[in-house]
Amino acid sequence: MLLAPPSLSHSVTIVIPCLNEEGNLEKLFHTLDRTFQNLGFTLPVLLIDDGSTDKTPQILTQLCCQYAYLKTIRHPQKRGVTGVWKTAIAQVNTEWIFWGQADLESDFQTDLPLLLEACIAGVDGVAGWRQQRGEGKVMASKFANLACQISFGLKIHDMNWIKLVRRDILTKVPFDVVTHRYLLAILAGWGYNITEVATPWHPRFSGQSKLGRGRLVTSAMNFSRTWWWFHVENRLLLPLQYIPAMFKAVDVGFRAGKEAFDMQVNRDRVASNS
């Protein structure tokens, strides 16, 4: 199915996951409003509150009155990023989904136009590639992306950042098996054209990251399950042919986890001594 580029059709919904981001929301939508003014058109925005326990719900109620393009959905309890993706796909009717961030590490004024321009005819998804990251997860992400390049043929550098993807192909992904972390890897493995564009990274404006050490273990487990489902259960490729790639991917995953864990321990030691 060949769709018109989203820069021409404007059939795009901006989806923003949100968990306890009370300090970022007003600035976020001020930035979005300026972005739409610069673009010359407005896109619908769906913000999914994944069970926030701070003042996020009250602030969102006020913002909905201020911005007509904003729609919000609240999960009574936290469902995680994969749960947010499932809600988004069920609610969005546009041809494309732009996956954004509420922490302002991504600036819509630069990033939205960049991804729209990069999504030319024949492209099924565009990922933002964070430049000059400073949040301490660079090496772990490099190893994870390398594992997906080996196992699924993914050709991009940053699969877990902002992205612009066709909604119709997202509906084919079994999110109960394939979590959000390996969404683009699976699409690339299916033969869809996933490209990337360099985007600037900004320090979080307010609040704290929701990602901790447990993410490394969970990510490794998700990768193993995704690999088995893709290569063995679905018999898309002969498993024996890809055993060397599997061992390489596992080795990469272990090294990534060890390095990221050591970095976190060192940061905790420095913080406790200061």
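Along the sequence shown, residues carry numbers from 1. Side chains are part of it too, since the values below use all heavy atoms of this structure and drop only hydrogens, waters and symmetry mates. As the structure is a prediction and not an experimental result, all values here were calculated from the model.
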Item to check | Heavy-atom pair with the smallest gap, counting every atom of K86 and D176 | outcome: NZ-OD1, 2.7 Å

Checklist entry - About how many Å separate CZ of R133 and CG of D158, when rounded to the nearest 0.5 Å? => result 5.5 Å

Checklist entry - Are L8 and L115 co-members of a hydrophobic cluster defined by side-chain heavy atoms under 4.5 Å apart? => result no

Checklist entry - Has the side chain of E22 got a donor or acceptor atom that lies under 3.5 Å from a matching backbone atom of K55? => result yes

Checklist entry - Any donor and acceptor pair, going by atom type alone, linking the side chain of D50 with main-chain N or O of G80 inside 3.5 Å? => result yes

Checklist entry - Side chains of P17 and I48: closer than 4.5 Å at any heavy-atom pair? => result no

Checklist entry - Run the side chain to side chain contact (heavy atoms under 4.5 Å, CB included) check on R74 and S52 step by step: do they pass? => result CA-CA 8 Å; R74 175 172 169 77; S52 293; 4.1 Å; yes

Item to check | Check: R167 main-chain N/O paired with E95 side-chain donor or acceptor under 3.5 Å | outcome: no

Checklist entry - Considering only heavy atoms from C-beta outward, does the side chain of V165 approach that of I97 to under 4.5 Å? => result no

Item to check | Closest contact, heavy atoms only, V92 versus T13 | outcome: CG1-OG1, 3.6 Å

Checklist entry - Should I186 and W229 be marked as a side chain to side chain contact (heavy atoms under 4.5 Å, CB included) after you check the CA-CA gap, both sets of side-chain angles, and the distance that decides it? => result CA-CA 10 Å; I186 288 298; W229 172 82; 3.9 Å; yes

Checklist entry - Is it true that the side chains of W161 and T199 contain a donor and an acceptor less than 3.5 Å apart? => result yes

Checklist entry - Within a strict 4.5 Å, meaning less than it, do heavy atoms of the C18 and L25 side chains meet? => result yes

Checklist entry - Would you call the rings of H157 and W129 parallel, tilted or perpendicular if under 30° counts as parallel and over 60° as perpendicular? => result parallel

Item to check | Neighbour count above 12 (heavy atom, 6.0 Å) for E26 CD | outcome: no

Item to check | Candidate list N160, V84, L183, test side chain to side chain contact (heavy atoms under 4.5 Å, CB included), partner W99, passing option | outcome: V84

Checklist entry - In terms of side-chain heavy atoms, does T179 have a donor or acceptor partner in T82 at a distance below 3.5 Å? => result no

Checklist entry - So how far is it from L114 CG to D107 CG, rounded to the nearest 0.5 Å? => result 10.0 Å

Checklist entry - To the nearest 0.5 Å, how far apart are CD1 in I16 and CD in Q101? => result 9.0 Å

Checklist entry - Taking atom CD of Q77 as the centre, does the number of heavy atoms from other residues, nucleotides or ligands within less than 6.0 Å exceed 12? => result no

Checklist entry - Which value, rounded to the nearest 0.5 Å, describes the distance between F175 atom CZ and K172 atom NZ? => result 13.0 Å

Next on the checklist: If I compare all heavy atoms of E21 with all of D54, which pair ends up nearest, and what's the gap?
Outcome noted: N-OD2, 3.5 Å

Checklist entry - What closest approach, in Å, do L164 and C119 show between heavy atoms, and which atom pair accounts for it? => result CD2-CB, 3.8 Å

Checklist entry - Is there side-chain contact between F36 and I14, with heavy atoms separated by less than 4.5 Å? => result yes

Checklist entry - Strictly by modelled atom types, are D49 and T56 linked by a side-chain donor-acceptor pair under 3.5 Å? => result no

Next on the checklist: Is there a side-chain contact between R204 and N24 in this structure, where contact means two heavy atoms from C-beta onward sitting under 4.5 Å apart?
Outcome noted: yes

Checklist entry - Looking only at heavy atoms, which two atoms of H202 and L104 are closest? And how far apart? => result CB-O, 3.7 Å

Checklist outcome for this item: d(L46 CG, K71 NZ) to nearest 0.5 Å is 6.5 Å

Checklist entry - Distance from L28 atom CG to L47 atom CG, nearest 0.5 Å? => result 7.5 Å

Item to check | 4.5 Å side-chain heavy-atom contact, F108 and R34 | outcome: no

Next on the checklist: Is the shortest side-chain heavy-atom distance between L3 and D168 below 4.5 Å?
Outcome noted: yes

Checklist entry - Mind checking whether F230 and F152 have parallel, tilted or perpendicular rings, split at 30° and 60°? => result perpendicular

Next on the checklist: Under a 4.0 Å threshold between the charged nitrogen and the carboxylate oxygen, would R166 count as salt-bridged to D124?
Outcome noted: yes

Checklist entry - Which class fits the ring pair Y192 and W190: parallel under 30°, tilted 30 to 60°, perpendicular over 60°? => result perpendicular

Checklist outcome for this item: Heavy atoms of L39 and L112 approach each other most closely as CD1-CD2, 3.7 Å

Item to check | Side chains of W85 and V173 in contact at under 4.5 Å (non-hydrogen atoms) | outcome: no

